[in-house]
Amino acid sequence: MNPTRVLFICLGNICRSPLAEGAARKLVRDRGLEDRFRFDSAATAGYHEGEPYDPRVGAVLQKYDAGFEHRARRIRPEDFRAFDWILGMDEENLRDLRRMAPADAAAQIALVTEPWGGGRVTDPYYEGDWACEQTYLELEDLVERWLERWLEEADGSTETA
Ligand code: 4NP
């Protein structure tokens, strides 16, 4: 079975999308689903290209045993063909993604908060240290709901464990 390939997107690829990628990698590792999914993350803007994730993000990922090797990168046209899902963190991300998508894009583009019925995740870049952990927990809950949906779509099962 082909893995479900998911790209998390935010503005800088140093806060929200690496938190989502870390949570997703950790969840599938804990559930023995690593061969069913591929996760990556990228930015809509180039401000932080080549940088590791924000140190506050690193501390939270480490606390939850969810750290991974990361260098911020911008989304590329081929990402729209290589991934099944591209999940943005806010409406601005969605607008940028729809504008950047090539004509032959295959990926489905959605808000990561779709399982909550929309809205924003907290952007820790503009907040205090508390926000990174809050955002991680929000994204962990959201990714868990997405996992159920993707597994259901892939094999008609609601089992996630
Ligand atoms: P992120 O947070 O999009 O969650 O990685 C931000 C990172 C950088 C900037 C804004 C938000 N910035 O303006 O450089």
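Every number for a ligand or one of its atoms is a count from 1 in the order of the listing. Since this is a predicted model, take the numbers as computed values, not measurements. All values below come from the heavy atoms of this structure, side chains included, with hydrogens, waters and symmetry mates left out.
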Nearest-0.5 Å distance that lies between atom CE in M100 and atom CZ in R98: 13.5 Å

task: Using the six-membered ring of F68, assess whether NZ or CZ of R25 lies under 6.0 Å from its centre and within 45 degrees of the ring axis.
output: yes

query: Going by an N to O cut-off under 4.0 Å, is there a salt bridge joining R16 and D90?
result: yes

message: Between the side chains of D79 and R74, is the shortest nitrogen-to-carboxylate-oxygen separation below 4.0 Å, so that they form an ion pair?
response: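 Here R74 does not pair with D79 in a salt bridge, since their nearest N and O are not under 4.0 Å apart.
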
message: Does the plane of the ring in W150 sit parallel, tilted or perpendicular to the ring in W85? Use 30° and 60° as the thresholds.
response: tilted

message: Parallel, tilted or perpendicular: which one describes the rings of Y53 and H70, with boundaries at 30° and 60°?
response: parallel

Please list the nearest protein heavy atom to [atom] with its residue and the distance rounded to 0.1 Å.
atom                    : answer
atom 14 (O) of ligand 1 : H48 NE2, 2.9 Å
atom 13 (O) of ligand 1 : Y125 CE2, 3.8 Å
atom 1 (P) of ligand 1  : C10 SG, 3.5 Å

If you count the atoms of ligand 1 from 1 in the order shown, which ones are under 4.0 Å from a heavy atom of [X]?
X    : value
N13  : 5 (O)
L11  : 3 (O), 10 (C)
C15  : 1 (P), 2 (O), 4 (O), 5 (O)
I14  : 5 (O), 7 (C)
D123 : 2 (O), 4 (O), 11 (C)

task: Please check if L94 and L87 belong to a single hydrophobic cluster, counting links between Ile, Leu, Val, Met, Phe, Trp and Tyr side chain heavy atoms closer than 4.5 Å.
output: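 No, because L94 and L87 fall into different hydrophobic clusters, even though each may have its own neighbours under 4.5 Å.
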
message: Would Y47 count as a polar contact of ligand 1, with the cut-off being nitrogen or oxygen pairs under 3.5 Å?
response: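 Such a contact does not occur with ligand 1.
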
